[in-house]
Amino acid sequence: MAKELTSKSENYSQWYNDLVVKADLAENSAVRGCMVIKPYGYAIWEKMQAELDRMFKETGHVNAYFPLFIPKSFFSKEAAHVEGFAKECAVVTHYRLKNDPDGKGVIVDPSAKLEEELIVRPTSETIIWNTYKNWIQSWRDLPILCNQWANVVRWEMRTRLFLRTAEFLWQEGHTAHATKEEALEETFKMVNVYADFAENFMAMPVIKGHKSENERFAGALDTLTIEALMQDGKALQSGTSHFLGQNFAKAFDVQFANKEGKLEHVWATSWGVSTRLMGALVMAHSDDNGLVLPPKLAPFQVVIVPIYKNDEQLSAISAKVDEIVGKLKARGISVKYDSSDAKKPGWKFAEYELKGVPLRLAIGPRDLENGTVELARRDLLTKEVVNIEGIDEYVENLLENIQQTIYKKAFDYRTEHTSKADTWEEFKEILAAKGGFISAHWDGTSETEQKIKEETKATIRCIPLDAEEEEGKCIYSGKPSNKRVIYAIAY
RNA sequence: CGGGGUAUAGCACAGUCCGGUUAGUGUACCUGCUUUGGGAGCAGGGGGUCGCAGGUUCGAAUCCUGCUACCCCGACCA
């Protein structure tokens, strides 16, 4: 074996680290905490972007771009926001280098100090609301529905590829509305878009819900989240949508004249998903043989491997493969024909499994004689021999089936790892025994949430949107509660 | 940012304790032949500022000091 993966059961986090690197998704760079996203990984991200971008536009949003740098003074305008991000900001203080007079290399030119330091954006609310102030005067200017695709920097102390890096790629939507109701509606709309994307494209079931006060975005009145369950029983926050109320409008003095001619502060939302989704995708489906990619996000959905003994056989096979490729492409299926002579079939089989290609099609002399191909599906690791006749339709259906099977497997895993706890003892037992989501009553206080976190490391992942009214007692304090919330140990 | 660990060829490691020929093994790479339905075999070959910077010494991968990066555990976080 050329590339050995640590097994998932032996060491889950090592398995993840190995997989990301060995499947060629990303690697660590020369810059601490910052990753290089490699072409294969970036191709998946581009597929995610393309679909999300389409969904944003379908819901009336437009793309724009705001600066990487934010004047320091902007940051202090919204108190909770500063509080939340101050500890992880990169700061630009100078704008010039010069040759070191004492010898080698370059130094920062002390005479080139900026009058006002610039913050490398950890998120763009401040620069955007400073800008929106100029865009908004009357109710006729609203709503503003902008999104931007950008990089942001949060100076993390402990990083992991995709899951937490000092610089990451994301999209951030920032909207401005005339009424609270409309802003709230937007907040919900976007969390639904994220859930739709996660489930139908990533094949990853998610729970939609409100964040508790502790977990809320700095500066938001309400944060909605989608929470996914990874295969080690830990939760991963995969996307958030914030109702910002009038906090930023007040901080940046953004008012509009309503239909009665009175000035009012604008209502705001913001929402984002990041390259963290790549980590979610890896951890939701993959196995000890490597990545398992849902067909809708795979850089190529089908790989074709020829098996041959000489050039003559290869050209006969290639002729047949060209036909197949043409038919598959006509159906919009992306396919790679790997006729390279540099590697042997067995090597290619293992390599494409590691990279999660949903469907592998092998064709050799035996198949040419019989008019067949060998189809191997990545998700189930099963093989079958099928007729070339009608292969395109067959593959198309199979890809759809793989997409659904992957989803169902993740869904079943989540179902098995979602438990109800009614007592504190039970809660701790479940957490220790199998982890996963635990549905339990909570008295609604931060103190209780904090205590539970200290004692078990579990936090409230969300208060589900579809939580049923149910009288009960808080598992920790015993105080009355009227609905269950979702606990888990989180990434 | 606190505690622990690691750093030697593209990758995985040995050698470091106890300083002493030309730094070694597997794999990957290059050439040739034979191979090709699950990570091929044989033969030959190339590749190293031993993480970086200082110091000790006749002599440093090895001892000392500082720095950097990565991994694990904590605090913090998408």
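Chain identifiers are assigned alphabetically (A, B, ...) following the order of the sequence lines, protein sequences preceding nucleic acid strands; residue numbering begins at 1 within each chain.
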Asks: Across all strands, who's sitting opposite B:G20 as a Watson-Crick or G-U wobble pair, both distances under 3.5 Å?
Replies: B:C58

Asks: Specify the separation, in whole Å, of atom NZ of A:Lys87 and atom C1' of B:C1.
Replies: 12 Å

Asks: Watson-Crick or G-U wobble partner for B:C52, using a 3.5 Å limit on both distances?
Replies: B:G66

Asks: Where the side chain of A:Trp347 is defined as all heavy atoms beyond and including C-beta, which of B:C73, B:G37, B:G39 is the nearest nucleotide?
Replies: B:G39

Asks: Measure the distance from CZ on A:Arg378 to C1' on B:G38 and round it to the nearest whole Å.
Replies: 14 Å

Asks: So, is A:Lys309 close to the B:U36 phosphate, meaning a side-chain N or O under 4.0 Å from OP1 or OP2?
Replies: yes

Asks: Please determine whether a side-chain nitrogen of the Lys or Arg among A:Asp287 and A:Arg378 lies less than 4.0 Å from a carboxylate oxygen of the Asp or Glu.
Replies: yes

Asks: Who is the Watson-Crick or G-U wobble partner of B:A43, with both distances under 3.5 Å?
Replies: B:U31

Asks: Please report, rounded to the nearest Å, how far the P atom of B:U36 is from the CZ atom of A:Arg366.
Replies: 12 Å

Asks: Given B:C29, B:C70, B:G37, which nucleotide is nearest the side-chain atoms of A:Lys343?
Replies: B:C29

Asks: Measuring only the P atom in each nucleotide, how far is B:C70 from B:U25? A whole number of Å is fine.
Replies: 32 Å

Asks: Can you tell me the pairing partner of B:C1 across any strand shown, Watson-Crick or G-U wobble, with both distances under 3.5 angstrom?
Replies: B:G74

Asks: Remember a base hit wins even if backbone is also touched, and classify A:Leu163 as base, sugar-phosphate or nothing at under 4.0 Å, heavy atoms.
Replies: base

Asks: Whether the side chain of A:Arg360 and the base of B:G38 hold a donor-acceptor pair under 3.5 Å is what I'd like checked.
Replies: yes

Asks: Honestly, is A:Lys451 close enough over A:Tyr476, meaning NZ or CZ under 6.0 Å from the six-membered ring centre and within 45° of the axis?
Replies: no

Asks: Could you work out the separation of B:C17 and B:U21 based on their C1' atoms and round it to a whole Å?
Replies: 22 Å

Asks: So which nucleotide from B:C70, B:U36, B:A75 ends up closest to the side chain of A:Asn28?
Replies: B:C70

Asks: Both A:Arg160 and A:Arg32 contact RNA chain B. Taking the nearest nucleotide for each, which residue is further toward the 5' end?
Replies: A:Arg32

Asks: For RNA chain B, whose closest nucleotide is more 5', that of A:Ala490 or that of A:Pro306?
Replies: A:Pro306

Asks: Please confirm whether the shortest side-chain N or O distance from A:Lys453 to OP1 or OP2 of B:G74 is below 4.0 Å.
Replies: no

Asks: Looking only at side-chain N and O atoms, does A:Ser13 come under 4.0 Å of OP1 or OP2 in B:C72?
Replies: yes

Asks: Select base, sugar-phosphate, or nothing to describe what A:Phe217 touches, counting heavy atoms under 4.0 Å on all strands.
Replies: nothing

Asks: Just checking A:Thr165: base, sugar-phosphate only, or nothing, at a heavy-atom cut-off of under 4.0 Å?
Replies: base

Asks: Using the side-chain heavy atoms of A:Phe349, tell me which of these nucleotides is nearest: B:C71, B:A75, B:G38.
Replies: B:G38

Asks: Could you check how far CZ of A:Arg158 sits from C1' of B:G2, rounded to whole Å?
Replies: 12 Å

Asks: Would you call A:Lys320 and A:Glu323 a salt bridge, using N to O less than 4.0 angstrom?
Replies: yes

Asks: Please measure how far the P atom in B:C1 lies from the corresponding atom in B:C58, and state the result in whole Å.
Replies: 39 Å

Asks: Using atom C1' of each nucleotide, how far apart are B:C52 and B:A7 to the nearest Å?
Replies: 11 Å

Asks: Taking CG from A:Asp341 and P from B:U36, how many angstroms apart are they, rounded to a whole number?
Replies: 12 Å

Asks: For the side chain of A:Ala350, starting at C-beta, report the closest nucleotide among B:G39, B:C76, B:U36.
Replies: B:G39

Asks: Round to a whole Å and report the spacing from CG of A:Asp18 to P of B:C11.
Replies: 14 Å

Asks: Does B:G38 pair with anything, Watson-Crick or G-U wobble, both distances under 3.5 Å, and if so, with which nucleotide?
Replies: none

Asks: Indicate, with yes or no, if the rings of A:His61 and A:Trp271 have centres closer together than 6.0 Å.
Replies: yes

Asks: It should be established whether A:Lys457 places a side-chain nitrogen or oxygen under 4.0 Å from OP1 or OP2 of nucleotide B:G74.
Replies: yes

Asks: Between B:G20 and B:A28, how far apart are the C1' atoms? Round to whole Å, please.
Replies: 33 Å

Asks: Checking ring pair (Phe, Tyr, Trp, His ring centres under 6.0 Å) between A:Phe427 and each of A:Tyr487, A:Phe437, A:Trp442, which is the one that passes?
Replies: A:Tyr487

Asks: Any side-chain N or O of A:Asn17 below 4.0 angstrom from OP1/OP2 of B:C72?
Replies: yes

Asks: Which is true for A:Gly33 with a 4.0 Å heavy-atom rule: it touches a base, it touches only sugar-phosphate, or it touches nothing?
Replies: sugar-phosphate

Asks: Rounding to an integer number of Å, can you tell me how far A:Asp24 CG sits from B:G10 C1'?
Replies: 13 Å

Asks: Which nucleotide, if any, forms a Watson-Crick or G-U wobble pair with B:G26, using both distances under 3.5 Å?
Replies: B:C11

Asks: Could you measure between the two P atoms, the one in B:A9 and the one in B:C50, and give it in whole Å?
Replies: 10 Å

Asks: Is a donor-acceptor contact shorter than 3.5 angstrom present between the side chain of A:Lys383 and the base of B:G38?
Replies: yes

Asks: Does A:Arg377 pair with A:Glu384 as a salt bridge, N-O distance under 4.0 Å?
Replies: no

Asks: Measure the distance from OH on A:Tyr491 to P on B:C76 and round it to the nearest whole Å.
Replies: 18 Å

Asks: Using the C1' atom as the reference point in each nucleotide, state the distance between B:C63 and B:G24 in Å, no decimals.
Replies: 22 Å

Asks: Counting N and O atoms only, with roles assigned by atom type, does the side chain of A:Lys296 sit under 3.5 Å from a partner on the main chain of A:Ala203, one being a donor and the other an acceptor?
Replies: no

Asks: Please give the distance between the C1' atoms of B:U8 and B:A61 as a whole number of Å.
Replies: 7 Å

Asks: When you measure from the centre of the six-membered ring of A:Phe349, is the NZ or CZ of A:Arg360 under 6.0 Å away and within 45° of the axis?
Replies: yes

